[in-house]
Amino acid sequence: MKDLPVVIEDGQEIELEGWIIHKRISGKLAFLDLRVGPGVVQLVASKKELPAEAWQNIKKVTLESSVKIGGIGKVDSRAPTGAEIHLKDFEIIHLSEEFPITPKEHGIAFLMEHRHLWLRSRKQRAYLVIRNELEQSIHDFFYKNGFIRIDSPILTPAACEGTSTLFETDYFGEKAYLSQSGQLYLEPAAAAFRKVYCFGPTFRAEKSKTRRHLMEFWMVEPEVAFMKFEELIKLAEEFLSYIIQRVLEKAAIALEVIERDTTILEKTTPPFPRITYTEAIETLKNKGFPIEWGDDIGGDEETALSQETDKPLIITHYPKKVKAFYMQPNPDNPEEVLAMDVIAPEGYGEIIGGSERINDLDLLKKRIEEENLPREAFEWYLDIRKFGSFPHSGFGLGIERTVAWITGVKHVRETIPYPRMLYKIYP
RNA sequence: UCCUGGGUAGCUCAACUAGGUAGAGCGGUCGGCUGUUAACCGAUUGGUUGGGGGUUCGAGUCCCCCCCCAGGAGCCA
């Protein structure tokens with residue numbers, strides 16, 4: 001079975017530390033698989049070529065024991081990763097107790113209980129290597145394009161989009177909430193640096209229990225001063241295309257390990273197909289969904305729409321009542337806002353949500369009142385519209401959903417090292 | 001929160017339309033095997049059937065309550 005390889009040169013003298021993940025022993029010849037880092041290498045041991053003590057160690061070593069080995073590298077097509085190490089020495093650092101996770105089948109409840117150990121498994125390592133490549137590609141994209149990274153706070157005094165779904169905590173006698181978006185803190189920073197982004201965990205206390213939701217998830221959010229709605233859509237297209245292509249290139253082996261068919265991913269190049277919310281509602285009605293203009297578009301509806309295309313689908317011009325208070329109204333229709341969502345193909349749903357922001361002070365005050373939001377908490381935010389106000393736009397991309405799409409994994413819980421799910425915070 | 005399905009050995013499951021003191025594979029352990037790939041062959045180990053109460057001569061199986069898990073919905077990234 002394919003795994004991430006360790007690069008081995010033919011004839012090279014090698015000393016390595018690692019963990020034994022598999023052992024096949026036959027009388028006088030043994031094969032062991034050693035996990036060194038993300039990668040794995042096969043060890044070959046012949047009884048007559050080893051010190052007696054080393055052979056005894058090989059016989060008694062248990063799965064997931066930590067060991068130190070010495071040997072000679074050999075390129076050999078019979079080895080699972082194309083190369084192997086012929087052992088000259090084998091030392092046990094720690095003899096592992098019986099490891100709960102075996103190469104055979106396990107249920108998801110058992111695996112989630114043992115998430116801290118499950119991380120060592122072949123596919124889980126591949127998923128997290130892919131996540132790492134995605135995160136790096138995001139930073140590289142923004143760095144190359146002159147963005148400044150702004151680390152927004154996690155403890156916040158007020159809601160970005162209403163308080164009902166926030167985790168509340170005590171802040172020296174005051175109420176504080178775990179951030180559900182860095183956006184409000186990004187907008188002031190855009191006035192300082194013009195192009196900014198934040199990258200960090202966000203928290204939603206929604207009691208949702210689906211394959212697309214976590215209580216704690218990571219989001220990257222760019223915000224750009226003087227950027228209008230059309231340019232925002234272009235930014236989203238270029239950004240998403242860049243990060244997908246970069247991951248396909250840099251994480252090619254990890255994608256092979258998980259046997260991901262990347263045909264559709266390769267098609268992620270600008271421009272993306274685009275429909276308005278109103279057109280989406282018409283399409284859904286024709287498909288038989290019981291939906292009316294003004295309703296939000298749910299998971300099944302998103303999947304139905306994304307089936308029309310192999311590329312991410314952009315939906316624009318949503319009704320203002322289903323979107324956040326800070327979104328700029330459509331000049332051609334005040335009931336709509338200049339908002340856009342990007343729906344991933346293959347049923348992975350919304351991965352980007354963004355908009356042009358309101359830059360007029362009076363309009364923003366009015367919208368805060370209409371949504372019954374606590375005005376005091378937003379005074380600092382309103383300041384942006386008092387001191388050199390400027391048109392600006394931004395979006396947020398969900399890391400876990402994007403990794404889920406790239407890897408083809410069904411549930412986002414496997415795209416993050418330690419998922420936080422409804423009523424589940426262990427390990 | 002709601003709907004549906006489920007909790008039996010360390011793990012994955014079986015024990016039937018009909019209540020009769022639980023069984024297999026994997027893992028572990030011991031032995032065998034010089035090119036294995038989730039190796040193979042033989043032996044062996046393993047259980048208060050999620051918890052509590054009830055019906056019954058007798059409950060894994062039937063009834064009630066509780067706990068936990070999974071899948072889905074709403075909401076969202």
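A, B, ... follow the sequence lines: proteins, then strands. Residue 1 opens every chain.
Nearer the 5' end of RNA chain B, as judged by each residue's closest nucleotide, is the contact made by A:Leu422, out of A:Val44 and A:Leu422. Between A:Ser77 and A:Lys323, the residue anchored nearer the 5' end of RNA chain B, judged by the nucleotide with its closest heavy atom, is A:Ser77.
With hydrogens and angles disregarded, no donor-acceptor distance shorter than 3.5 Å links the side chain of A:Thr62 to the backbone of A:Ser65.
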Evaluation steps, side chain to side chain contact (heavy atoms under 4.5 Å, CB included), between A:Val412 and A:Arg401: CA-CA 6 Å; A:Val412 290; A:Arg401 283 189 187 174; 4.2 Å; yes

Side chain to side chain contact (heavy atoms under 4.5 Å, CB included) assessment of A:Lys88 paired with A:Glu13: CA-CA 10 Å; A:Lys88 288 164 75 179; A:Glu13 285 243 12; 3.6 Å; yes

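Looking at heavy-atom distances under 4.0 Å, A:Thr210 makes contact with a base. Across all strands shown, A:Gly349 has no heavy atoms under 4.0 Å from either base or sugar-phosphate atoms. Here A:Phe395 lies out of heavy-atom contact (under 4.0 Å) with every strand. Here A:Pro80 lies in heavy-atom contact (under 4.0 Å) with a base. A:Asp296 comes within 4.0 angstrom of the backbone, heavy atoms only, and of no base. Among the heavy atoms of the strands, none lies under 4.0 Å from A:His114. Using a 4.0 Å heavy-atom distance criterion, A:Lys74 is classed as making no nucleic acid contact. When heavy atoms are screened at a 4.0 angstrom cut-off, A:Ile25 is found touching base atoms of the nucleic acid.
When rounded to the nearest whole Å, the span between CH2 of A:Trp55 and P of B:C33 equals 11 Å. Separating the CG atom of A:Asp300 from the C1' atom of B:C75 is a distance of 13 Å, rounded to the nearest angstrom. Regarding A:Glu301, its CD atom lies at a distance of 13 Å from the C1' atom of B:C76, rounded to whole Å. When rounded to the nearest whole Å, the span between CE of A:Met421 and C1' of B:A70 equals 11 Å. Rounded to a whole Å, the NZ atom of A:Lys23 is 12 Å from the C1' atom of B:G28. Distance CE (A:Met327) to P (B:C76): 11 Å, rounded to an integer number of Å. Atom CG in A:Leu166 sits roughly 13 Å away from atom P in B:A77 (whole-Å rounding). Here the C1' atom of nucleotide B:C26 and the CZ atom of A:Phe99 are 16 Å apart, to the nearest Å.
Taking 3.5 Å as the limit, the base of B:G35 and the side chain of A:Glu84 contain a donor-acceptor pair of atoms between them. On a pure distance criterion of 3.5 Å, no polar donor-acceptor pair joins the side chain of A:Arg24 and the base of B:C33. Residue A:His213 places a side-chain atom within donor-acceptor reach of the base of B:C76, judged by atom type and a 3.5 Å distance cut-off alone.
In the set B:A77, B:C75, B:U29, the nucleotide with an atom closest to the side chain of A:Glu350 is B:A77. Distances from the side chain of A:Gln42 to the nucleotides B:U36, B:C76, B:U34 place B:U36 closest. Closest to the A:Leu214 side chain, of the nucleotides B:G74, B:U36, B:A77, is B:A77. Distances were taken from every side-chain heavy atom of A:Ser208 (C-beta onward) to each of B:C75, B:A77, B:A70; the shortest belongs to B:C75. Counting only heavy atoms from C-beta on, A:Met219 has its side chain closest to B:A77 among B:A77, B:C75, B:U34. Across B:U34, B:U12, B:U1, the shortest atom-to-atom separation from the side chain of A:Phe110 is found for B:U12. For A:Glu98, the listed nucleotide lying nearest its side chain is B:G27; candidates were B:U36, B:C75, B:G27. Listed candidates were B:C33, B:C76, B:G35. Nearest to the side chain of A:Glu302 is B:C76. For A:Lys48, whose side chain is taken as the heavy atoms from C-beta onward, the closest listed nucleotide among B:U1, B:A77, B:U34 is B:U34. Ranking B:G71, B:U29, B:C11 by closeness to the A:Thr62 side chain, first place goes to B:U29.
For the pair A:Tyr426 and B:C68, the criterion of a side-chain N or O lying under 4.0 Å from OP1 or OP2 is not met. For A:Lys104, no side-chain nitrogen or oxygen approaches OP1 or OP2 of B:C11 to under 4.0 Å. The side chain of A:Arg413 places an N or O atom within less than 4.0 Å of a non-bridging phosphate oxygen (OP1 or OP2) of B:G71.
Between A:Glu414 and A:Lys123, none of the side-chain N atoms (NZ, or NE/NH1/NH2) sits under 4.0 Å from a carboxylate O, so this pair counts as no salt bridge.
Ring-plane geometry between A:Phe147 and A:Phe141 is classed as tilted, the angle between the planes lying from 30 to 60 degrees on a 0 to 90 degree scale. Between A:Tyr277 and A:Tyr318, the ring planes are tilted. Angles from 30° to 60° get that label. Taking the six-membered ring where tryptophan is involved, the planes of A:Phe239 and A:Phe142 are essentially parallel, since the angle between them stays under 30° and well short of 60°. Taking the six-membered ring for Trp and thresholds of 30 and 60 degrees, A:Tyr381 and A:Phe378 have ring planes more than 60 degrees apart, a perpendicular arrangement. Ring pair A:His139/A:Phe199 is tilted by interplanar angle, where 30° to 60° counts as tilted.
With pairs defined as Watson-Crick or G-U wobble and both atom distances under 3.5 Å, the stems of at least three pairs that touch RNA chain B come out as B:1-7 with B:67-73, B:10-13 with B:23-26, B:27-32 with B:40-45, B:50-54 with B:62-66.
Taking the 5.5 Å centre cut-off and the 30° plane limit, the aromatic side chain of A:Phe31 is not classed as stacked on B:G35.
On the P atoms, B:C63 is 15 Å away from B:G20, given to the nearest whole Å.
Here the side chains of A:Glu231 and A:Ser393 are not in contact, with every heavy-atom distance at 4.5 Å or above.
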